[in-house]
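Note sheet for the following structure.
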Amino acid sequence: MPTELRPPKRSSGLGSIINTEQDVTPVVLAAMAQAPNARLREIAAAFVRHMHEFAREVRLTEAEYDIGVDFLNRIGQATNDRHNEGILFADAIGFSTLVCLLNNGNAGATETAAALLGPFWRMNSPRTENGGSIVRSPTDGPSLFMNGRMTDVAGKPIAGVEVDVWQASPVGLYENQDDSQADMNLRGKFTTGADGRFSFKSVKPAGYPVPTDGPVGDMLRAQQRHCYRPAHLHFLGYKPGFKTLITQVFVDDDENLTSDVVFGVTDALIGDYRRHDDAEAPEPAVKAPWYSLDYTFVMEAGEAKLPVPPIK
Ligand code: BEZ
Ligand code: FE
């Protein structure tokens with residue numbers, strides 16, 4: 001047995017014999033209290049306290065414990081390079097949004113409000129010229145012309161921001177969920193110009209159901225919840241010297257803005273997706289109706305770091 005796993009020769013004084021339900025929590029906390037990493041100590045202790053208290057509060061039965069363990073195991077089994085059920089679960093219980101809001105901003109008072117990365121960001125989306133299209137295989141749906149601007153908190157344009165964009169198609173599927181779309185369809189990476197601007201052509205996104213063929217789907221059905229996200233575009237702005245901005249801009253006429261299955265909508269992130277029935281489109285070949293979206297993103301000074309991609 002490796003030395004570090006051997007039990008101590010002498011009792012620590014606290015004793016580790018557990019006689020009653022009340023004994024368990026302090027003994028477990030004491031067993032974990034030697035971790036040299038202070039942050040690990042803090043997180044593990046709080047986790048154990050809350051988990052034990054949770055079991056006490058609901059007086060968890062053994063059959064319910066078995067269901068919970070099976071649920072966790074199924075989340076792991078449903079996760080692979082193309083799908084991340086763990087993130088989906090955290091999203092569907094509002095945990096991802098809680099962590100996002102704890103760590104980012106002030107509801108748009110200075111920097112643009114952050115929103116979930118979600119399970120569909122891919123690291124190497126194709127670099128695309130400003131004004132270029134992210135439609136990479138035939139994709140039905142009204143055209144959308146997006147004009148974005150990146151500024152600092154003083155309103156000064158930021159040049160050289162790498163802006164990753166990704167979205168679901170008008171039938172509500174990301175390309176990695178849909179064999180009929182080309183690899184990297186509706187994904188692109190843009191760089192802001194000296195005026196802080198970037199722009200692209202796409203199709204208007206649709207709302208979509210989150211995947212429901214795994215344990216998270218079972219949970220939603222048991223809770224009689226719908227499984228839809230309101231339509232949105234995802235943006236990730238990255239430039240050294242600025243805090244990475246991860247957000248979404250929601251379609252203003254979507255019926256599920258107030259019941260997003262993953263609790264991701266804030267008022268500041270509802271965009272003005274403007275429908276044009278008469279005006280000529282920026283590309284003459286595009287027939288009405290077409291849509292435009294103008295949106296200014298504000299980035300704070302800070303650390304630029306990329307998240308771990310949830311899928312490959
Ligand atoms: C998304 O916006 O891509 C997303 C976020 C949470 C769960 C599923 C999808
Ligand atoms: Fe999405």
Side-chain angles (χ1 to χ4, degrees), residues 75 78-101 103-104 112-123 125 134-135 139 141 144 146 163-178 181 184-189 200 202-221 223 225-237 244-252 254-266 268-271 273 293 295 306-312:
I75 287 174
T79 297
N80 54 51
D81 283 354
R82 287 163 68 93
H83 176 74
N84 195 317
E85 188 83 3
I87 293 192
L88 185 60
F89 175 56
D91 294 342
I93 61 167
F95 196 69
S96 311
T97 288
L98 172 62
V99 173
C100 176
L101 296 178
N103 284 279
N104 295 284
T112 293
L116 301 179
L117 177 71
F120 296 123
W121 178 59
R122 292 177 66 187
M123 177 77 105
S125 53
I134 59 172
V135 181
T139 309
L144 170 70
M146 199 275 157
V163 186
D164 240 57
V165 177
W166 67 107
Q167 67 168 93
S169 75
V171 300
L173 290 171
Y174 286 82
E175 50 80 33
N176 55 295
Q177 301 175 296
D178 179 5
Q181 295 182 51
M184 296 289 182
N185 190 39
L186 307 182
R187 297 178 187 267
K189 195 189 292 288
F200 60 91
S202 186
V203 283
K204 186 178 181 235
Y208 58 84
V210 299
T212 53
D213 53 354
V216 172
D218 292 343
M219 180 184 82
L220 296 176
R221 281 183 287 276
Q223 296 171 341
R225 291 166 59 187
H226 78 67
C227 56
Y228 280 84
R229 292 225 64 206
H232 55 275
L233 297 177
H234 289 264
F235 297 90
L236 186 156
T244 302
L245 174 65
I246 298 172
T247 196
Q248 306 177 18
V249 179
F250 293 90
V251 175
D252 40 344
D254 195 291
E255 61 186 345
N256 292 319
L257 284 174
T258 54
S259 63
D260 182 2
V261 63
V262 299
F263 310 100
V265 183
T266 57
L269 296 177
I270 299 174
Y273 286 71
L293 170 69
Y295 199 90
L306 286 175
V308 176
I311 54 170
K312 298 225 168 96

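Order of listing sets the numbers, starting from 1, for every ligand and every atom in it.
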In terms of atom number and element, which parts of ligand 1 are under 4.0 angstrom from non-hydrogen atoms of [X]?
X: Arg229; result: 1 (C), 2 (O), 4 (C), 5 (C), 9 (C)
X: Val262; result: 6 (C), 7 (C)
X: His232; result: 1 (C), 2 (O)
X: His234; result: 1 (C), 2 (O), 3 (O)

One pair to check against side-chain contact (heavy atoms from CB on, under 4.5 Å): Leu220 and Val210. What are the steps and the verdict?
CA-CA 10 Å; Leu220 296 176; Val210 299; 4.2 Å; yes

Quick test of your reading of the structure: of Tyr208, Phe120, Trp166, whose heavy atom lies closest to atom 1 (C) of ligand 1?
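Going through Tyr208, Phe120, Trp166 one by one, Tyr208 has the nearest heavy atom to atom 1 (C) of ligand 1.
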
Relative to atom 8 (C) of ligand 1, which among Ser96, Pro119, Ala90, Gly118 owns the nearest non-hydrogen atom?
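Going through Ser96, Pro119, Ala90, Gly118 one by one, Pro119 has the nearest heavy atom to atom 8 (C) of ligand 1.
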
Single hit among Thr139, Val203, Val135 for side chain to side chain contact (heavy atoms under 4.5 Å, CB included) with Ser169
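Running side chain to side chain contact (heavy atoms under 4.5 Å, CB included) over Thr139, Val203, Val135 with Ser169 returns exactly one hit, Thr139.
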
Ring centers of Tyr208, His232 separated by less than 6.0 Å
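Between His232 and Tyr208, which both carry aromatic rings, the centre distance is below 6.0 Å.
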
Would you say Gln167 reaches the Fe ion (ligand 2) with an N/O/S atom under 2.8 Å?
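Short answer: no, not a single N, O or S atom is under the cut-off.
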
Does any N, O or S atom of Gln248, backbone or side chain, fall under 2.8 Å from the Fe ion (ligand 2)?
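Of the N, O and S atoms in Gln248, none lies under 2.8 Å from the Fe ion (ligand 2), which means no.
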
May I have the step-by-step check of side-chain contact (heavy atoms from CB on, under 4.5 Å) for Leu233 and Gln248, ending in yes or no?
CA-CA 5 Å; Leu233 297 177; Gln248 306 177 18; over 6 Å; no

Counting both backbone and side chain atoms, is some N or O of Asp91 under 3.5 Å from an N or O of ligand 1?
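So ligand 1 has no N or O lying under 3.5 Å from an N or O of Asp91.
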
Please say whether more than 12 non-hydrogen atoms of neighbouring residues, nucleotides or ligands are located less than 6.0 Å from CZ in Phe200.
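For Phe200, atom CZ is crowded (more than 12 foreign heavy atoms under 6.0 Å).
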
Within the supplied structure, the quantity of interest is the number of heavy atoms (other residues, nucleotides, ligands) at a distance under 6.0 Å from Glu255 CD; does it exceed 12?
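At most 12 heavy atoms, drawn from other residues, nucleotides or ligands, come within 6.0 Å of this atom.
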
How large, to 10°, is the angle at the Fe ion (ligand 2) when you draw lines to OH on Tyr208 and to OH on Tyr174?
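Vertex the Fe ion (ligand 2), arms to OH of Tyr208 and OH of Tyr174: 100°.
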
Relative to the Fe ion (ligand 2), which of the N, O or S atoms in His234 is the closest?
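Per the distance ranking, His234 contributes NE2 as its closest N/O/S atom to the Fe ion (ligand 2).
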
Touching ligand 1 at all, Tyr174? Heavy atoms, strictly under 4.0 Å?
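Distance cut 4.0 Å: Tyr174 passes for ligand 1.
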
Is a side-chain N or O of Arg122 found less than 3.5 angstrom from the main chain of Asn176, in a donor-acceptor match?
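Checked: no pair found.
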
Under 3.5 Å, side chain of Asn104 to main-chain N/O of Cys100, donor-acceptor pair present?
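Flag set: sc Asn104 to bb Cys100 pair under 3.5 Å.
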
Part of Leu88 with heavy atoms under 4.0 Å of ligand 1, whether side chain, backbone, both or neither:
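Answer for Leu88: side chain.
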
Please lay out, stage by stage, how Phe235 and Met146 fare under the test side-chain contact (heavy atoms from CB on, under 4.5 Å).
CA-CA 12 Å; Phe235 297 90; Met146 199 275 157; 3.8 Å; yes

